[in-house]
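Note that this is a predicted model, so its numbers are computed, not measured. For the numbers below, each heavy atom of this structure counts, side chains included, while hydrogens, waters and symmetry mates do not.
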Amino acid sequence: MDRNLALLKVKEQLTDHRYTHTLGVMETAIRLAKKYGANEKKAELAAIFHDYAKFRPKEEMKQIIMDQKMDARLLQFNSELWHAPVGAFLVHKEAGIEEEEILDAIRFHTSGRVGMTLLEKIIYLADYIEPGRHFPGVEEVREIAEKSLNEALIKSISNTIFFLMKKGQPVFPATFHTYNDLIMNSED
C-alpha cells in the first residue's frame, strides 16, 4: 500500500492531534530504519497504522480481544494496551495489510515482547520519541536512540514501568519480560 493511501485510511480513524502524532512516528520510524538497517517501507507502513484502533469504542475492542482469543490478560490491565493488538487485527481485516512483520510491529508497540524484531523495536521507540512527545525523560531517550537502539528501548521501557509504578498502576507482564529480555541479551 502506498503512503498516501495509507495516510488517508488512517486519517479517517484518528483525531487531528493523533494524526499529527502518527506523522511524527512515521518520520521517526523511517529515520530509525535507515540508521539501524531495517526495511524503510515496512517501518513507514507500521508507523502509519500503529494507532489505527486507538479511538475504537472500548466495548468493540474488548469483544475483538475475546472473539479473536487474544491474550485474555489484556482485559485485566489498562485499556490503553488494547489498541495495539486490536489494531493489528483491524489493519489486516480493514486495510488488507497481510505482512506479519508489519502486523507484529503494530501488535506489540505498546507492550513489547520477548525477542522483539528490529522492526518492532523501531516502531515501539518511534512511538515513544517522536518530536511531538513532551514528557520527563523523552529527551534522554532521544539522545540514547542516536547511539543504541537497544539501550534506548531499555530506558524507554524502564521509564514507562517507573511511571506506572508511581501512579500505582499495574504493569503488563509482557512489558517486564521485554525489559528483562533486552537487559539480558543486549548486544550493543
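Formation of a donor-acceptor pair under 3.5 Å by the Tyr124 side chain with backbone atoms of Ser111 is not found in this model. One N or O on the side chain of Trp82 and one on the backbone of Leu74 form a donor-acceptor pair closer than 3.5 Å. In terms of modelled atom types and a separation under 3.5 Å, the side chain of Lys35 and the main chain of Glu146 share a donor-acceptor contact.
For the pair Thr175 and Ile161, the minimum side-chain heavy-atom distance is below 4.5 Å. Here the side chains of Lys11 and Asp16 are in contact, with some heavy-atom distance below 4.5 Å. The closest side-chain heavy-atom distance from Leu45 to Lys42 is not below 4.5 Å. When side chains are defined from C-beta on, Asn185 does not count as touching Asn150, because their heavy atoms never get closer than 4.5 Å. Between Asp104 and Leu119 the shortest side-chain heavy-atom distance does not fall below 4.5 Å. In this structure, Glu130 and Met26 have side chains that are not in contact, with every pair of non-hydrogen atoms separated by 4.5 Å or more. By the 4.5 Å heavy-atom criterion applied to side chains, Phe163 and Pro136 are not counted as neighbours.
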TODO: Could you check Asp127 against His21 for side-chain contact (heavy atoms from CB on, under 4.5 Å), going step by step and ending with a plain yes or no?
DONE: CA-CA 8 Å; Asp127 185 34; His21 161 74; 2.8 Å; yes
Open item on the list: For a salt bridge (charged side-chain N to carboxylate O under 4.0 Å, His left out) check, start with the C-alpha distance between Glu139 and Lys155, then their side-chain angles and the critical distance, and finish with the verdict.
Closed with: CA-CA 11 Å; Glu139 275 307 320; Lys155 185 63 176 165; over 6 Å; no
- [ ] Test salt bridge (charged side-chain N to carboxylate O under 4.0 Å, His left out) on Glu80 and Lys54 and set out the steps.
- [x] CA-CA 8 Å; Glu80 277 296 307; Lys54 183 83 170 172; 2.6 Å; yes
Task: side-chain contact (heavy atoms from CB on, under 4.5 Å) between Leu23 and Leu7, intermediate numbers included - done: CA-CA 9 Å; Leu23 294 176; Leu7 287 171; 3.7 Å; yes
Open item on the list: Please determine whether side-chain contact (heavy atoms from CB on, under 4.5 Å) holds for the pair Ile129 and Ser156, giving the CA-CA distance in whole Å, both sets of side-chain angles, and the decisive distance to 0.1 Å.
Closed with: CA-CA 9 Å; Ile129 66 170; Ser156 67; over 6 Å; no
Task: Stepwise side-chain contact (heavy atoms from CB on, under 4.5 Å) check, Glu140 with Asn159 - done: CA-CA 11 Å; Glu140 182 183 6; Asn159 286 353; 5.6 Å; no
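Val114 and Ile123 are assigned to two separate hydrophobic clusters, defined by single-linkage of ILVMFWY side chains at heavy-atom distances under 4.5 Å. In terms of hydrophobic clustering, with Ile, Leu, Val, Met, Phe, Trp and Tyr side chains grouped at heavy-atom distances under 4.5 Å, Ile157 and Phe108 are assigned to different clusters. In the hydrophobic cluster analysis, where Ile, Leu, Val, Met, Phe, Trp and Tyr join through side-chain heavy atoms closer than 4.5 angstrom, Tyr36 is grouped together with Val141. Both Leu149 and Val138 are part of a single hydrophobic cluster, where members link through side-chain heavy atoms under 4.5 Å apart. One hydrophobic cluster, built from ILVMFWY side chains closer than 4.5 Å, holds both Val10 and Val86.
In plain terms, the two heavy atoms of Ala38 and Ile122 that are nearest each other are CB-CD1, 3.4 Å. Residues Gly112 and Ala174 come closest through the heavy atom pair O-CB, 3.9 Å. Summarising the geometry of Leu90 relative to Ala53, their closest heavy-atom pair is CD1-CB, 4.0 Å, with the distance given to 0.1 Å. Pairing each heavy atom of Ala126 with each of Leu32, the nearest pair is N-CD1, 4.0 Å. Summarising the geometry of Lys9 relative to Gln13, their closest heavy-atom pair is O-CG, 3.7 Å, with the distance given to 0.1 Å. Nearest heavy atom pair, residue Leu125 against residue Ala145, reads CD2-CB, 3.9 Å.
In Met165, the CE atom is not crowded: 12 or fewer heavy atoms of neighbouring residues, nucleotides or ligands sit closer than 6.0 Å. When the shell of 6.0 Å around CZ of Phe162 is examined, it contains 12 or fewer heavy atoms from other residues, nucleotides or ligands. Enclosure of atom CG in Asp67 by more than 12 non-hydrogen atoms of other residues, nucleotides or ligands within 6.0 angstrom is indicated.
Of the charged side-chain nitrogens involved, none lies within less than 4.0 Å of a carboxylate oxygen, so that Lys93 and Glu98 do not count as a salt-bridged pair. Using a cutoff of 4.0 Å between basic side-chain nitrogens and carboxylate oxygens, Arg113 and Asp181 are not scored as salt-bridged. Contact check on Lys41 versus Glu101 returns no salt bridge, with no Lys/Arg side-chain nitrogen under 4.0 Å from an Asp/Glu carboxylate oxygen. Ion pairing of Arg107 with Glu100 is present here, as a side-chain N (NZ or NE/NH1/NH2) and a carboxylate O approach within less than 4.0 Å.
Note that CG of Leu81 and OG1 of Thr110 are 4.5 Å apart. Values are rounded to the nearest 0.5 Å. Taken to the nearest 0.5 Å, the NE2 atom of His92 stands 10.5 Å off from the CD atom of Gln68. Note that CZ of Phe55 is 4.0 Å distant from OG1 of Thr15, once rounded to the nearest 0.5 Å. Once rounded to the nearest 0.5 Å, the distance linking CG of Leu75 with CE of Met61 reads 10.5 Å. Note that CZ of Phe172 and CZ of Arg73 are 4.5 Å apart. Values are rounded to the nearest 0.5 Å. A distance of 5.5 Å separates CG in Leu153 from CG in Leu182, rounded to the nearest 0.5 Å.
Side-chain rings of Phe89 and Tyr52 stay apart, their centers remaining 6.0 Å or farther from each other.
The side-chain hydrogen bond (donor to acceptor under 3.5 Å, both in side chains) test with His83 is passed by exactly one of Lys58, His109, His50: His109.
A cation-pi arrangement is not found for Arg133 relative to Tyr128, the charged atom failing to lie both closer than 6.0 Å to the ring centre and inside a 45° cone about the ring normal.
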